[in-house]
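Both backbone and side-chain heavy atoms feed into the values below; hydrogens, waters and symmetry mates do not. Below, read A as the first sequence line, B as the second, and so on, with proteins coming before strands; counting in each chain starts at 1.
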Amino acid sequence: MARITLDSVRKRYGETMAVDGVSLTVDDGEIVGMLGPSGCGKTTTLRTVAGFETPTAGTVSFDERDVTHVPPENRNVGLVFQEYALFDNMTVRGNVAFGLKMRGVGKSERRARADELLDMLGIGEMADRDPTTLSGGQQQRVGLARALAIEPSVLLLDEPMTGLDAKLKARLRDEVGDLLTELDVTGLYVTHDQEEAMLMCDRIAVMNEGRIEQVGTPREVYESPATEFVSEFVALDAPDLPFVRW
Amino acid sequence: MTVAPSRRFGRELVTVILFLTVAFLIAPVLLTFVGSFAGEWSGVFPSEFVTLRNWREVLGLAETIGSQRSMGWDSLLSVGGYTLAVPSELLFSIGLALGGVFINLVVGVPIAYAVARYDFRWDEWVSAISVLPLVPGVILGVAFLRAYPDLSGTSFGLIVGYSLLKAPFMVMAVRSEFESMPLQRLEESARSLGASWPRTFFTVIVPNARSGIVSGAIICWTLAAAEFNFSYIVWAKGTQPLALFLQRHISNSSFTRAAAAVSMFFCIIVAVTVLLQQVGSRGFDPRG
């Protein structure tokens with residue numbers, strides 16, 4: 001794992017400024033949430049960290065290494081998407097082992113590592129299954145296992161629970177939250193759901209119109225919002241949350 | 001409580017209509033197949049069963065009346081007085097259509113991918129042109145002879161023509177498959193896991209689209225094999241394309257022999273379809 005630093009990152013598409021001077025540090029082992037309405041630039045920021053977007057200005061560093069122009073396949077980042085995006089032409093185990101295969105890890109070791117991760121996520125018995133036969137929650141666990149298998153410098157989660165129903169979401173949130181803490185993962189967690197951000201993340205960066213409005217612990221953001229936007233966005237039907245990370 | 005009649009009878013009605021439609025469509029095929037074994041077919045139904053004469057004539061195993069060319073049989077190997085022969089010309093004409101499919105795979109899949117995956121300046125145009133069933137075979141055939149006189153009558157000319165005429169079907173089938181999956185997410189997942197772009201394309205993107213690619217190949221092959229107009233204009237000598245072979249047996253021979261030719265064509269289509277499906281699912285499936 002590594003410390004992720006974004007320094008004055010800007011991304012412009014034609015006339016539109018999608019990300020407008022974002023500076024943020026994610027410490028080693030920390031999960032930072034990027035919270036904001038759709039179109040606020042949080043996904044573009046995440047894609048910049050992954051290497052799928054090159055910033056118009058600014059730099060991205062993993063520890064001391066400047067990775068701004070390093071292609072995605074050489075960055076060692078784990079990605080988890082809302083759409084799961086599992087490879088249907090492989091078994092569950094094949095999906096999890098894919099990254100290790102690309103790194104030239106031997107077959108028996110790949111297999112052992114994949115099975116270990118699947119067990120850890122409670123879906124060890126699904127290893128030989130076709131991913132399309134799994135439920136949404138199970139598929140998302142496979143997606144997570146696949147991203148964690150390469151021991152990424154940073155784990156990037158893009159609305160990973162948005163497609164799931166409320167009950168499953170609650171359960172997965174607890175389990176995944178515990179697992180990420182246990183594994184000491186450095187993570188960037190993009191979501192539009194303030195409850196999810198507050199429960200899963202050590203700190204939250206609230207974004208609006210390409211800028212970060214406030215960075216702080218869930219309690220800071222909730223109790224002393226820095227701007228009117230933050231207060232409106234976070235307070236919006238925020239329930240009485242058991243703030244697990246306070 | 002009363003149940004609506006549509007609910008009570010709807011299912012049965014749909015089943016009956018479906019059954020009748022399928023029966024109506026399949027009846028001529030079955031009748032043709034049965035008729036190919038008949039000695040005489042002058043009324044509605046064939047008579048004088050059972051004879052293999054029609055099939056033997058069509059397959060070029062029996063002497064035919066007139067100067068029609070039979071199918072070329074080459075002996076493959078001889079063991080103890082028995083000779084195993086293969087209908088080399090028939091295989092060749094099947095191969096002509098397969099050649100067109102091959103070109104469409106190499107060219108059509110990347111086009112479908114580009115149009116489905118990227119927004120670029122002319123993507124609407126590329127998309128429109130690639131799926132436009134360009135021109136009828138007659139026009140393409142005439143244009144072909146004018147533009148490339150050297151290619152006229154050659155097998156290569158036929159293959160290129162088939163691929164041009166049928167490319168839209170490949171692009172459409174593969175493109176809709178690409179559009180039905182989270183293409184960009186799949187690609188990004190694979191890239192982030194350390195796969196280069198070419199490796200991502202061949203080990204993740206293409207295998208994930210296998211059902212679209214296989215159905216595209218089957219449609220292309222079937223249509224290329226049955227393409228008469230273009231074949232008629234461009235073909236000059238040598239092995240006849242399948243469509244011309246069929247036409248020859250239909251236009252100047254008995255009804256029963258035409259039935260045998262059509263039945264054989266049908267059998268070939270079924271066989272190649274099964275073959276493409278098998279190659280498709282085996283070739284792409286690492287579990288197999």
Non-neighbouring partners of Gln82(A) that pass side-chain contact (heavy atoms from CB on, under 4.5 Å), sequence neighbours left out: Glu159(A), Thr162(A)

Count the heavy atoms of every other residue, nucleotide or ligand shown that sit under 6.0 Å from [atom1] of [X], and state whether that count exceeds 12.
X	atom1	result
Glu179(B)	CD	yes
Arg111(A)	CZ	no
Glu209(A)	CD	no
Lys11(A)	NZ	yes
Tyr118(B)	OH	yes
Glu64(A)	CD	no
Phe228(B)	CZ	yes
Asp119(B)	CG	no

Heavy atoms only: give me the nearest [X]-[Y] pair and the separation to one decimal.
X	Y	answer
Trp197(B)	Glu73(A)	N-OE2, 4.4 Å
Pro207(B)	Asn89(A)	CB-ND2, 3.1 Å
Leu193(B)	Arg103(A)	O-NH1, 2.6 Å
Ala85(A)	Ser189(B)	CB-OG, 3.8 Å
Pro182(B)	Glu83(A)	CB-CB, 4.2 Å

Heavy-atom distance under 4.5 Å to chain B: side chain of [X], backbone, both or neither?
X	answer
Phe52(A)	side chain
Leu79(A)	both
Arg47(A)	side chain
Leu86(A)	backbone

Which atoms of Thr203(B) come close to chain A, meaning under 4.5 Å heavy atom to heavy atom: side chain ones, backbone ones, both, or neither? both

Is it the side chain or the backbone of Gln184(B) that comes within 4.5 Å of chain A heavy atoms, both, or neither?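 The answer is the side chain of Gln184(B).
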
Let's test your reading of the structure: which of Arg199(B), Arg191(B), Glu188(B) forms the most heavy-atom pairs below 4.5 Å with chain A? Glu188(B)

Value rounded to 0.5 Å, distance of CG in Leu186(B) from CZ in Phe81(A):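 Taking CG in Leu186(B) and CZ in Phe81(A), the distance rounds to 9.0 Å.
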
Has Asn208(B) got a side-chain atom pairing as donor or acceptor with Asp88(A)'s backbone, closer than 3.5 angstrom? yes

